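Report on the structure given below.
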Amino acid sequence: MNSTEILDKDCSTAVKLLPTVIKVTSQERKMIKDAAQHLQKKYDTYENRDFIKHVHQLASYFLPERILNIAADFASDFSKDQYGALIFTGLMDIDQENIGSTPSNWQSADYSKFNLYGFACALIHGALPSKPVQYYSQRKGGGLIHAIIPDEKMKETQTGSGSSTDLYVHTEDAFLKHQADFLSFMYVRNEEQVPSTLYSIRSHESIGEKYRPLFEPIYKIPKDANLETGNSEEETLDSVLYGNYSLPFMRFDAAEQLFNPSIRQSDEAQNTLHEFWEEARHLIYSGFTPQAGDVILVNNHLCAHGRSAFRAGVRKINGIEQPCERRIMLRMMSKVSLIDMRAHTLTEDPFFVIEEHLGKNFQHF
């Protein structure tokens, strides 16, 4: 099944609501780059705790007013017309020569080469009522920014390191009660021209009574494949939709909840999920192919994300396949409230989340 299928525009269930695209001007781009360079000199790294503490004030001071207002409006809009994703084209100029060849995997990436872009991403999150955080469940606490790089050894996996299969749309860390509220994806390199995929719960004309069972806590939401699952956790259940019945939020991972044969959902849960997916899969948007310097900002409660399958390190020019540098994407996550999740963060660091699965913390902390 191709997770990027979209029906023809003439079809009654075709996509009607689309993500908002903002073309960043050359002046705005220069302001953001100048701000990132200034902040890099002052704070050295975007992980500096003083920088994170004051990121809202710094965003208000340094970001172009138009970008600041667009992001702020986006963060507080949960209406039927809010798709849940903003696409900023040309937000940053990327120094491809400085980055050099794409490393073989994220473990071998030199994060000093992404430092400037980390400040830019953090400022965008600072325009929201949301502070960048890191999750221990993501690469064992692998920092505020993650480099997403194709890995030949993982090419067939449903992970950011995969490539040869479609990455099914999913809300980030659906298996966590305190998953990120907002995500940013900065595209540093996409020479293979891989489309991104987005799916908004607001794309449905109506949720209606037939999907009321999705609000019931009867669905298994398994942990990521890189985390071990104990026997006692297999029956941990939660809802897929939550909040307002007419304008709900979503916690959904198609690959794990629907197509992982080891999950064994109940018959009721499986049937409801399949019916939901039969409508949802036709509403997936894959009409945007990111270029270097583009940023996609996502409300993780409204919009799921994924990507199309591709051959890593290969691009077509006039129908002829040629070798190229593999893609690099930077992901940053943020939370609106640090208070309601304080029981799931390190005592000495409110920006470090140690939740393991649906409200349960890792035991060794």
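None of these values were measured; they are calculated from a predicted model.
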Over-ring placement of R49 relative to F351, 6.0 Å and 45° cut-offs:
no

Rounded to the nearest 0.5 angstrom, the CZ-OG1 distance for R189 and T102 is 4.0 Å

For the pair F51 and Y43, name the ring-plane relationship: parallel under 30°, tilted 30 to 60°, perpendicular over 60°.
tilted

With D93 as reference, evaluate K30, K33, R29 under the salt bridge (Lys or Arg N to Asp or Glu O under 4.0 Å) test and give the passing residue.
R29

May I ask you to decide if the ring planes of F175 and H357 are parallel, tilted or perpendicular, using 30° and 60° as cut-offs?
tilted

For W277 and F252, take the angle between the two ring planes, folded into 0 to 90°, and tell me which bin it lands in: parallel under 30, tilted 30 to 60, perpendicular over 60.
tilted

Ring of Y187, cation from R327 - is the NZ or CZ under 6.0 Å from the centre and inside 45° of the axis?
no

Starting from the C-alpha separation in whole Å, work towards a yes-or-no answer on side-chain contact (heavy atoms from CB on, under 4.5 Å) for F259 and Q158.
CA-CA 11 Å; F259 304 115; Q158 281 288 311; over 6 Å; no

Check the angle between the aromatic planes of F182 and F74 and answer parallel, tilted or perpendicular using the 30° and 60° thresholds.
tilted

Pair K223, E356 - check salt bridge (Lys or Arg N to Asp or Glu O under 4.0 Å), show working.
CA-CA 8 Å; K223 292 189 291 188; E356 181 181 12; 2.9 Å; yes

Find the distance between CZ (F288) and CG (L18) and round it off to the nearest 0.5 Å.
13.0 Å

Is the distance between the ring centroids of H204 and Y199 under 6.0 Å?
yes

Approximate separation, where rounding is to 0.5 Å, of E192 CD and R311 CZ:
10.5 Å

State whether the side chain of E47 and the backbone N or O of L144 hold a donor-acceptor pair below 3.5 Å, judged by distance alone.
yes

Take atom CD in E348; do more than 12 heavy atoms of anything else shown fall under 6.0 Å from it?
yes

Applied to residues 92-113, the ring pair (Phe, Tyr, Trp, His ring centres under 6.0 Å) test, sequence neighbours excluded, yields Y111-F114

So Y83 and Y285, would you call those rings parallel, tilted or perpendicular, with 30° and 60° as cut-offs?
perpendicular

So CD1 of I32 and CG of L91: to nearest 0.5 Å the spacing works out to 4.0 Å

Plane angle bin for F352 and Y136 - parallel if under 30°, tilted between 30 and 60°, otherwise perpendicular:
tilted

Please work out whether the ring planes of F119 and Y46 are parallel, tilted or perpendicular, with thresholds of 30° and 60°.
perpendicular

